[in-house]
Amino acid sequence: MEIATKYEPKNIEDKWYQFWIEHQLFASRPNQQKPFTVVIPPPNVTGVLHMGHMLNNTIQDVLVRRARMRGYNAVWVPGTDHASIATEAKVVNMLKEKGIDKRSLSREEFLKYAWEWKEKYGGIILKQLRKLGASCDWDRTRFTMDPEMSEAVTKVFVDLYNKGKIYRGVRMVNWDPKALTAVSDEEVIYHEVQSKLYYVRYLIEGTKDEYVTIATTRPETIVGDTAICMHPEDERYKHLRGKRAIVPLVNRSIPLIFDEYVDRDFGTGALKITPAHDINDYNLGIKYKLDTINIFNDNGTLNEAAQFLVGVDRFEARKQIIPLLEAAGNLVKIEDYTNKVGYSERTNEVIEPKLSLQWFCDMASLAKPALDVVMKDEIKFYPDKFKNTYAHWMENVKDWCISRQLWWGHRIPAYHLPNREFVVAVSKEEALKIAVEKYPELNLTIDDLKQDEDVMDTWFSSWLWPMSVFDGIRNPHNPEVDYYYPAAVLVTAPDIIFFWVARMIMAGLEWRQAVPFKDVYFTGTVRDKLGRKMSKQLGNSPDPIMLMEKFGADGVRMGMLLSSPAGNDLLFDESLCEQGRNFNNKIWNAFRLIKGWEVDEKLPQPQSNATAVKWFTMRLNEVLTEMNDHFEKYRLSDALMAVYKLVWDDFCSCFLEVVKPPYQKPIDGKTYGEIIDIFDKLLRITHPFMPFITEELWHSLKDRKDDESIMVAVMPEPQCGADDQQYLNRFANTQKVIERVRRVRAEKNIAQKNPVNLYVLRKKVAEDDEMDCIIEKLCNIPKVEYITEKMPGAILFIEQNVEYFVPFAENIDKDAELKKLNDELAYVENFLQSVLKKLSNERFVQNAPEQVVAVERKKQADAEAKIQLLKEQIAGLK
RNA sequence: GGGAGCUUAGCUCAGUUGGUUCAGAGCAUCUGCCUUACAAGCAGAGGGUCACUAGUUCGAAUCUAGUAGUUCCCACCA
């Protein structure tokens with residue numbers, strides 16, 4: 001049967017994914033095995049696959065597949081997040097395109113559209129993940145707004161409320177004037193922007209021409225000013241104590257106050273105070289009992305209270321108020337200025353600090369235990385530098401604004417009563433019971449209860465994810481959650497360490513009194529090769545699906561893993577996938593080679609094959625040990641590199657070249673069987689990284705039963721013998737000799753097909769045969785000979801202080817050989833000098849450990865011997 | 001403003017407790033090969049004052065301090 005010379009991933013990938021699904025190989029149920037649980041960081045339900053997902057999910061799949069093969073009952077739970085702001089924004093846009101204004105719809109009508117949209121476009125990303133080979137247990141797919149998940153969220157809200165950890169109050173919050181909702185502190189991103197600093201003077205009340213000048217970046221809020229503040233020790237303003245100023249344009253009288261908050265060196269040292277629109281001003285407002293004048297509508301336009309520019313957007317108002325101030329004689333000057341402005345993470349709209357009535361979750365008490373488990377390494381972070389970040393946030397955590405003025409999300413289970421009180425309960429019926437008991441005099445009926453209009457922050461459901469996917473909130477002692485919880489590892493990006501990771505830990509401890517996962521692997525950010533973040537605007541993000549079509553899913557997986565040590569950013573370049581594809585092809589062709597051999601069972605096994613098998617088996621064990629170590633430390637790219645080198649260098653370039661029978665000759669049966677076993681193991685080791693090609697070849701390698709799969713084959717574990725290291729060293733030395741001979745060939749232009757001779761200047765020992773046959777095979781040497789005297793006129797090299805001679809028919813270029821020898825001599829002499837310097841240092845000999853000194857003495861002896869040999873050879877040449 | 005990290009070959013990165021020829025790997029580069037598994041390949045080669053300075057030490061890529069550059073996180077400076 002002809003096998004193509006190039007690996008074609010396309011058909012193979014779909015075929016095997018289908019096979020895995022049909023045979024339920026991703027499915028998991030609680031059993032007697034040890035569990036290995038991974039819950040996917042749920043992507044936005046309306047999202048599409050990007051490179052960050054590719055990296056993140058490749059890593060998860062590698063870990064899950066490896067665990068499965070190592071005898072764990074591995075489960076990888078997939079799902080999506082309802083992403084309230086992002087999704088609502090998308091639906092609003094979709095409606096707008098259809099000519100429908102959200103405000104013209106009722107809540108129910110809007111939600112109907114939203115659900116339709118979700119059913120139609122939602123979960124595309126999960127389908128895309130299948131292309132990657134993700135071994136998720138798809139039957140367990142969850143959505144954060146599934147009825148059971150919603151029930152869990154409600155239950156948790158009520159529980160926290162009853163524990164006094166949720167409260168409602170008027171606070172200064174981050175208001176998104178585009179999405180028309182409050183957002184949490186974590187959802188505000190600060191960017192540096194070029195803006196202007198406006199100097200505006202306020203007339204001192206009771207004077208004709210005495211002014212105080214302030215500096216502000218937001219002149220449009222002047223009409224909301226209720227004070228001017230200066231530093232109490234500022235000499236410039238001491239005389240103004242107890243006076244009042246007149247707000248320009250609106251001619252309102254406001255007090256001058258003095259507080260140390262003000263920085264004397266900034267601007268003029270005088271600060272206008274607008275308590276309704278700045279958090280600091282708000283705090284000062286409370287301290288000095290100032291009025292609060294809200295001049296903005298929710299959408300960021302000026303309202304009636306502003307008196308001027310009513311209905312104009314805040315940024316437009318900023319422009320338009322300047323000529324007004326100028327005309328009134330209040331504008332002093334304008335300077336360029338760089339400052340930081342907060343933007344909404346989701347809508348990219350400039351955040352407006354706004355006083356509003358919101359729901360908050362008290363964080364301090366939840367944070368304390370969550371901090372401890374990480375500090376005590378009950379949960380380990382990889383890399384551990386994120387412990388610092390985590391600790392800092394936890395120690396300074398502020399209350400969490402959990403209400404959002406949106407419709408798409410989990411509605412807050414608070415029910416308002418006609419008497420302006422409210423009750424919190426899991427259902428309206430429950431709420432009525434409580435209300436009736438509390439306020440019997442009201443004679444309440446169910447229609448008197450009005451549920452709160454707000455929904456909860458998306459993360460208020462995500463933080464339950466490791467529990468709620470196993471129904472661990474509603475039924476805390478069901479067998480599933482008891483078995484699968486906690487997860488073995490969470491793989492996620494560091495930018496959601498506060499949004500999600502920290503809060504999951506809090507939630508796990510609060511409702512299960514146990515950590516939600518044991519390890520957290522923080523992936524890096526995928527950047528382009530210039531180091532820029534991948535973004536739609538830059539158009540520098542490749543389409544993962546196209547990439548997989550071009551290089552194969554296995555190739556792309558390898559590309560993602562190659563240079564992504566935990567926590568380090570990954571500078572992605574297509575060439576990495578190319579390298580992955582090439583590796584696939586290498587394995588593919590190794591398989592072609594082996595499958596092409598004719599086998600003769602009667603043929604005895606040559607020594608070279610016996611040596612090769614013995615060596616490779618040891619080498620394999622060595623690499624397995626190394627890989628286990630890498631995996632323990634989540635150094636996936638190192639683990640992959642170890643496999644890569646084992647397969648390419650050791651297996652293909654060395655092992656196969658040794659056992660390869662001469663052209664059109666058969667291979668002996670014993671060796672062939674051993675090769676098949678070795679190849680089988682290599683495929684299994686490689687499978688977690690590259691699932692498709694390994695499954696394909698694994699099936700072609702031997703006759704397999706219909707339902708067999710490499711996915712559930714046993715992962716080889718290292719089994720090292722006592723003398724392995726010695727044997728490996730001997731083989732490594734042999735490889736060095738081979739390299740030297742090849743170098744001679746390359747330098748002298750002797751083609752591999754022309755045999756050369758090799759003479760070794762030392763006494764032969766019995767063990768030499770084991771290795772010499774390898775040299776003979778790989779260097780095309782008829783027979784390695786041992787001699788007792790130097791061989792003049794031959795090319796010499798020294799390895800391990802043994803002289804080797806390769807006779808060369810043509811005249812040797814004496815000068816060139818001399819130069820080579822002299823160069824080497826100079827190098828060794830230099831080296832000897834450094835060793836002698838050390839050894840002649842009394843303090844070194846006295847202080848350094850004996851072993852270290854002994855090593856130096858050995859170096860000295862070796863170097864001296866080598867110098868002796870080189871000098872002899874140089875003399876001989878002359 | 002505070003904190004954390006990083007700086008090793010052209011690029012991306014390893015380098016565990018200071019000590020074995022410790023200065024490494026992959027990619028890229030150069031040279032020679034279309035050698036019957038693979039040119040998506042084979043064989044070989046070159047390439048680094050370990051950011052800089054000072055210190056500790058018999059000995060520093062590794063420890064300490066400072067400097068420079070860089071990245072990230074946090075923070076209410078108008």
Side-chain angles (χ1 to χ4, degrees), chain A residues 3 5-7 172 190 197-198 214-218 229 261-263 265-268 270-274 278-283 337 339-340 342 353 383 385-390 392-393 396 494-495 497-498 525 529 531 551 555 562-565 567-571 573 575-576 578-597 629 633 635 637-638 641-642 644-645 652-653 656-657 660 663-664 739 742-747 749 751-753 827-828 831 834-835 838 841-849 851-856 858-859 862-863:
Chain A
I3 311 173
T5 60
K6 288 191 167 47
Y7 169 56
M172 186 67 87
Y190 288 88
L197 195 55
Y198 302 88
I214 58 90
T216 180
T217 53
R218 302 202 60 190
C229 187
Y261 166 75
V262 177
D263 177 358
D265 298 327
F266 187 92
T268 60
L271 172 67
K272 76 184 202 64
I273 306 295
T274 322
D278 183 285
I279 178 67
N280 305 302
D281 293 8
Y282 175 68
N283 291 335
Y337 184 63
N339 65 336
K340 286 202 167 177
K385 64 177 178 186
F386 288 111
K387 268 169 87 171
N388 287 327
T389 314
Y390 180 83
H392 185 261
W393 189 76
N396 299 285
D495 52 348
I497 186 169
F498 309 131
T525 307
K529 64 176 169 184
F551 299 106
L562 264 178
S563 70
S564 55
N568 276 20
D569 284 359
L570 159 58
L571 268 54
D573 186 35
S575 68
L576 293 168
E578 206 175 308
Q579 198 185 341
R581 180 201 59 183
N582 293 355
F583 184 47
N584 280 317
N585 206 44
K586 188 73 187 175
I587 298 175
W588 182 258
N589 277 292
F591 174 76
R592 279 182 65 215
L593 176 67
I594 294 167
K595 268 293 160 184
W597 288 335
D629 184 50
K633 294 166 181 155
R635 298 156 84 147
S637 52
D638 288 339
M641 189 46 70
Y644 179 80
K645 287 199 274 192
C652 293
S653 299
L656 286 182
E657 290 300 329
K660 187 200 271 184
Y663 183 51
Q664 288 192 331
E739 261 175 46
R742 283 173 169 171
R743 198 150 102 194
V744 171
R745 279 183 177 281
E747 279 169 4
N749 244 324
Q752 174 72 11
K753 62 185 171 195
Y827 175 80
V828 181
F831 172 68
S834 71
V835 173
K838 253 190 199 176
N841 183 338
E842 273 178 41
R843 287 185 295 181
F844 170 71
V845 181
Q846 280 167 12
N847 294 328
Q851 267 186 338
V852 175
V853 179
V855 164
E856 290 300 317
K858 171 97 168 48
K859 279 192 213 166
D862 288 351

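Numbers restart at 1 for each chain; the letters A, B, ... are given by sequence-line order, proteins then strands.
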Whole-angstrom distance between [N] and [M], as gauged at atom [atom1]:
N: B:rA28; M: B:rU70; atom1: P; value: 30 Å
N: B:rU35; M: B:rA23; atom1: P; value: 40 Å
N: B:rC42; M: B:rU53; atom1: P; value: 42 Å
N: B:rU12; M: B:rC77; atom1: C1'; value: 41 Å
N: B:rG69; M: B:rA61; atom1: P; value: 25 Å
N: B:rC6; M: B:rU64; atom1: P; value: 11 Å
N: B:rC27; M: B:rG46; atom1: C1'; value: 16 Å
N: B:rA75; M: B:rG3; atom1: P; value: 15 Å

[X] [atom1] to [N] [atom2], straight-line distance once rounded to whole Å:
X: A:Lys838; N: B:rG59; atom1: NZ; atom2: P; answer: 11 Å
X: A:Asn847; N: B:rU56; atom1: CG; atom2: C1'; answer: 14 Å
X: A:Asp573; N: B:rU12; atom1: CG; atom2: C1'; answer: 10 Å
X: A:Arg843; N: B:rG19; atom1: CZ; atom2: C1'; answer: 17 Å
X: A:Asn584; N: B:rG41; atom1: CG; atom2: P; answer: 12 Å

Compare every heavy atom of [Y] with every heavy atom of [X], then report the nearest pair and how far apart it is.
X: A:Lys272; Y: A:Arg218; value: CE-O, 3.8 Å
X: A:Cys652; Y: A:Leu656; value: O-CB, 3.6 Å
X: A:Ser637; Y: A:Leu562; value: CB-O, 3.2 Å
X: A:Tyr7; Y: A:Asn585; value: N-OD1, 2.9 Å

Taking pairing as Watson-Crick or G-U wobble with both contacts under 3.5 Å, can you name the mate of [N], or confirm there isn't one?
N: B:rA4; answer: B:rU71
N: B:rA39; answer: none
N: B:rG66; answer: B:rC52
N: B:rG44; answer: B:rC30
N: B:rU20; answer: none

Below the 4.0 Å mark, does [N] have OP1 or OP2 next to a side-chain nitrogen or oxygen of [X]?
X: A:Arg635; N: B:rA14; result: no
X: A:Arg742; N: B:rG44; result: yes
X: A:Asn585; N: B:rA40; result: no
X: A:Asn582; N: B:rC38; result: no

Subject >> First encountered from the 5' end of RNA chain B, between A:Lys6 and A:Val845 >> reply: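 Closer to the 5' end of RNA chain B: A:Lys6.
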
Subject >> Ring centroid separation A:Phe583 to A:Phe551 under 6.0 Å >> reply: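 No - the distance between ring centres of A:Phe583 and A:Phe551 does not fall below the 6.0 Å cut-off.
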
**OP:** Determine yes or no for a side-chain-to-main-chain donor-acceptor pair under 3.5 angstrom, with A:Asn589 supplying the side chain and A:Thr5 the backbone.
**Re:**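 Judged by distance alone, yes, a pair lies under 3.5 Å.
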
**OP:** Examine distances only and state if a side-chain atom of A:Asp278 and a backbone atom of A:Asp281 form a donor-acceptor pair shorter than 3.5 Å.
**Re:**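 Looks like yes, one N/O pair under 3.5 Å.
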
Base, sugar-phosphate alone, or nothing: which one does [X] contact when heavy atoms must sit under 4.0 Å apart?
X: A:Pro353; value: nothing
X: A:Gln846; value: nothing
X: A:Val855; value: sugar-phosphate
X: A:Asn841; value: sugar-phosphate

Subject >> Sub-4.5 Å side-chain heavy-atom contact between A:Trp597 and A:Ile594 >> reply: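 Side-chain contact under 4.5 Å: yes.
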
Original post:
Quick one: are A:Tyr261 and A:Leu271 in side-chain contact, heavy atoms under 4.5 Å?
Top reply: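 Answer yes - side chains close enough.
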
Original post:
When you check the gap from the basic side-chain N to the acidic O, do A:Lys660 and A:Glu657 get nearer than 4.0 Å?
Top reply: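 A salt bridge links A:Lys660 with A:Glu657.
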
Original post:
When you check every protein heavy atom under 4.0 Å of nucleotides 22-37 of chain B, what one-letter string (B, S, -) results, 5' to 3'?
Top reply: ---SSS----S---BB

**OP:** List the protein contact pattern of nucleotides 69-78 of chain B with one symbol per nucleotide (5' to 3'): B for base contact, S for sugar-phosphate-only contact, - for none; contact means a heavy-atom distance under 4.0 Å.
**Re:** ----SSBBBB

Subject >> CD/A:Gln851: more than 12 non-hydrogen atoms of other groups inside 6.0 Å >> reply: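 It does not: A:Gln851 CD has 12 such atoms or fewer within range.
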
**OP:** For A:Thr217, enumerate each residue passing the side-chain hydrogen bond (donor to acceptor under 3.5 Å, both in side chains) test, keeping only those at least two apart in sequence or located in another chain.
**Re:**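 A:Thr217: no side-chain hydrogen bond (donor to acceptor under 3.5 Å, both in side chains) contacts found.
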
**OP:** Just compare B:rC58, B:rA45, B:rC38 and give me whichever is closest to any side-chain atom of A:Phe844.
**Re:**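 My answer, after comparing the listed nucleotides, is B:rC58.
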
